[in-house]
**Q** 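My questions will all concern the structure given below.
Ligands are counted one by one from 1 in listed order, and the atoms in each one are counted from 1 as well. Computed from heavy atoms alone, side chains included, the values below leave out hydrogens, waters and symmetry copies.
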Amino acid sequence: MRNQRPLILLLCLILWGSAWARLGDKPDPYEKIEDPARARKILDDVMAYLKKSYNFRVHYPVQMNLVHESVMDAKFAGSPYKGAEVGLYTFEGGKHQIYVMKGWSRDVCSGVTAHEYTHAWQFDNCPRDQDLVLREGFACWVEMKYYDSVGAYQHAEDVRNHSDPVYGVGIKTMLALEDKVGPRKLVSMITTLRSASELDKILSDDRSGR
Ligand SMILES: [Zn+2]
């Protein structure tokens, strides 16, 4: 028994060391994002994760804009989503522009950034006339994956349970496609699909499995 002591002690030290390293590295998910430099770092983390996981690459530079609620409201004037929006993607001045509302938690800011950055990737890699259900469904799917990757499971669940006719139908269609072909093939298929009815045909065809 005595001989086992150094081994146990060493094991404890290793466990303690790795727990400490994890606590030290993990950013606070509840931190309110108010500083543009913090928001840019979140975008860089999101881009690195999506490049590593799904080989996402974009052609144009990406600008991160952390904006006040009033700026977002003005951009959504006349939209049915005004008041419910947290993020926005546009292409302006030869750049992908990502807008995220100031003051949200790190987790929400990260997930919304992943969603909007997916629209930048779609702009460079998917048919420009791809319909809205596919476009938003896929961006929601990536957002959900990002939440899962950082352990923000409740946010991931909220995305899966969207009830909106565009976002809700879109995410459910993507989850059905992921079930059928797996995540990597889903990403490659989305670069060529144009309409949700094309996808419905694939989903109802039993021969096009993995
Ligand atoms: Zn969107």
**Q** With the Zn ion (ligand 1) as the reference point, give the N/O/S atom of His119 that is nearest.
**A**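 Nearest to the Zn ion (ligand 1) within His119's N, O and S set: NE2.
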**Q** In this structure, is the centre-to-centre distance between the rings of Tyr30 and Trp104 below 6.0 Å?
**A** no
**Q** Measure from the Zn ion (ligand 1) to every N/O/S atom of Glu136 and report the name of the nearest one.
**A**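 Nearest N/O/S atom: OE1.
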**Q** Would you check if the Zn ion (ligand 1) lies under 2.8 Å from any N, O or S atom of His115?
**A**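 Looking at His115, which is the residue asked about, there is an N, O or S atom under 2.8 Å from the Zn ion (ligand 1).
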**Q** Rounded to the nearest 0.5 Å, how far apart are CD of Glu178 and CE of Met189?
**A** 12.5 Å
**Q** Verify whether one side chain among His59 and Asn125 offers a donor that lies under 3.5 Å from an acceptor in the other.
**A**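 Note: His59 and Asn125 side chains miss the donor-acceptor criterion.
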**Q** May I ask you to check whether Trp121 and Phe138 place their ring centers less than 6.0 Å from one another?
**A**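 Yes, the ring of Trp121 comes within the 6.0 Å limit of the ring of Phe138, centre to centre.
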